[in-house]
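Remarks on the structure that follows.
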Amino acid sequence: MTTWPQGYGRRVLAEVDSTNAEAARIAGGLAGPEWILGLRQTAGRGRRGRAWNDPVGNFAATLVMRPTEAPDQVALRSFVASLALFDTFVQATGRVDGLTLKWPNDVLLNGGKVAGILLESAGFSGGSVSHIAIGIGVNLQHAPGAESVEQGATRPVSLLSETGANVDPETFLDLLAEAYAHWETQFATYGFAPIRTAWLARAARLGEVITARTTRDETTGTFETVDSQGNLVLNTAKGRVAIPAADIFF
């Protein structure tokens, strides 16, 4: 049994172009954080402008809020959202086995990608963040084919195919909103340190050799940790390297 978290708005749309785009449209008039769920999303997108395949029955939602922290702290909410997603999957399925968190913002189930996070923000001229949109896509019922992802990328999976759990988007939203509110309180009260510790305890491939690829280069090394700024830290042949953003390949 879940209860909707106090202070959070809830908006369910039958159809929307993109929940992150809707977040940008409504952000200026918000009195507090608000969840936007699109039951059908016609122009969803993932990281680096990639299209996000979103058939009916899957989950597409955005939490939009107006933060008060410095921009570098605001961006750490991708880890908050990752932990909330992890807990939501546990609640929805009753199982922990097979769930891991892939840096920077994916959830893996049995080694396949079941969910992704897209964090976007807008700022004032003074450098502060006017609003942040935490977009979350989950393959509840359907997963795209392997041909739709980059070669070597993590294969997509669905919650239904991997666990047999048949969860509808609105039920998933209720679970996620409660889980997110818990981790947001931890972040607001104690900062990033406990979030980082909890995330590392659930991290995929920690201590193993991975490759971090950007549009310009790639770095291979042992996944040592995530630092206090949220950077991926690899131990490479040339020493320790901190990477702020990249796609990860196993």
Side-chain angles (χ1 to χ4, degrees), residues 1-10 19-20 23 27 30-37 59 61-109 114-121 128-138 171-204 206 223-233 242 244-245:
M1 186 72 179
T2 63
T3 56
W4 188 260
Q6 186 175 3
Y8 287 77
R10 186 179 190 274
T19 56
N20 268 28
L30 290 180
E34 181 150 327
W35 282 98
I36 306 163
L37 173 66
F59 181 84
T62 296
L63 174 61
V64 56
M65 58 198 308
R66 304 180 72 173
T68 58
E69 304 90 355
D72 61 335
Q73 292 296 301
V74 171
L76 295 173
R77 280 191 173 83
S78 63
F79 293 92
V80 178
S82 293
L83 290 170
L85 271 171
F86 188 99
D87 286 357
T88 301
F89 283 120
V90 173
Q91 281 284 100
T93 64
R95 54 178 280 182
V96 176
D97 293 347
L99 284 168
T100 54
L101 300 178
K102 180 187 175 190
W103 187 91
N105 48 21
D106 292 341
V107 181
L108 305 185
L109 177 57
V114 70
I117 299 164
L118 176 63
L119 191 148
E120 296 180 323
S121 61
S128 61
V129 175
S130 64
H131 79 267
I132 183 173
I134 306 171
I136 296 174
V138 181
T171 297
F172 194 86
L173 175 63
D174 292 342
L175 294 171
L176 178 60
E178 185 176 37
Y180 184 90
H182 164 76
W183 287 109
E184 174 67 28
T185 298
Q186 297 296 305
F187 181 64
T189 305
Y190 304 109
F192 183 55
I195 301 299
R196 173 179 174 270
T197 298
W199 191 95
L200 285 169
R202 298 158 175 78
L206 187 65
F223 178 12
E224 187 174 297
T225 191
V226 168
D227 68 18
S228 59
Q229 287 76 49
N231 299 319
L232 175 74
V233 179

Closest non-hydrogen atom pair, I134 against Y180
CD1-OH, 3.6 Å
Output for pair (F59 CZ, L176 CG), nearest 0.5 Å, gives 5.0 Å
Nearest-0.5 Å distance that lies between atom CG in L108 and atom CZ in F89
10.0 Å
Does the side-chain contact (heavy atoms from CB on, under 4.5 Å) test come out yes or no for W103 and L200, once each step is laid out?
CA-CA 10 Å; W103 187 91; L200 285 169; over 6 Å; no
Applying side-chain contact (heavy atoms from CB on, under 4.5 Å), run through R10 and D174 and close with a yes or a no.
CA-CA 9 Å; R10 186 179 190 274; D174 292 342; 3.2 Å; yes
Shortest non-hydrogen separation from E34 to L30 and the atoms involved:
OE1-CD2, 3.7 Å
Does F79 reach the side chain of F187, with side-chain heavy atoms less than 4.5 Å apart?
no
Before you tell me yes or no, could you show the steps for L101 and V107 under side-chain contact (heavy atoms from CB on, under 4.5 Å), namely the whole-Å CA-CA distance, both residues' side-chain angles and the distance that decides it to 0.1 Å?
CA-CA 5 Å; L101 300 178; V107 181; 3.8 Å; yes
Could you tell me whether a side-chain N or O of T62 sits under 3.5 Å from a main-chain N or O of V64, the two making a donor and an acceptor?
no
Hey, does L83 have a side-chain heavy atom less than 4.5 Å from the side chain of H182?
no
Looking only at heavy atoms, the pair that brings N20 and E120 closest together is ND2-OE1, 2.9 Å
Is a donor from one side chain sitting under 3.5 angstrom from an acceptor on the other, for Y190 and Q186?
no
Is there a donor-acceptor contact under 3.5 Å from the side chain of W183 to the main chain of R77?
no
Would you mind reporting whether Q229 and D72 have side-chain heavy atoms less than 4.5 Å apart?
no
Answer yes or no: is there a side-chain heavy-atom contact under 4.5 Å between Y8 and L63?
yes
What one should report as the nearest heavy-atom pair of A27 and R66 is O-CD, 3.7 Å
Looking at every heavy atom in both R202 and A198, which two are closest together, and how far apart are they?
NH1-O, 2.6 Å
Do V138 and L85 have side-chain heavy atoms sitting under 4.5 Å apart?
yes
Give the minimum heavy-atom separation between A84 and A179, together with the two atoms involved.
O-CB, 3.6 Å
Counting C-beta onward and ignoring hydrogens, is there a side-chain heavy-atom pair between N105 and L119 closer than 4.5 Å?
no
Less than 4.5 Å apart, side chain to side chain, heavy atoms only: is that true for D87 and E178?
no
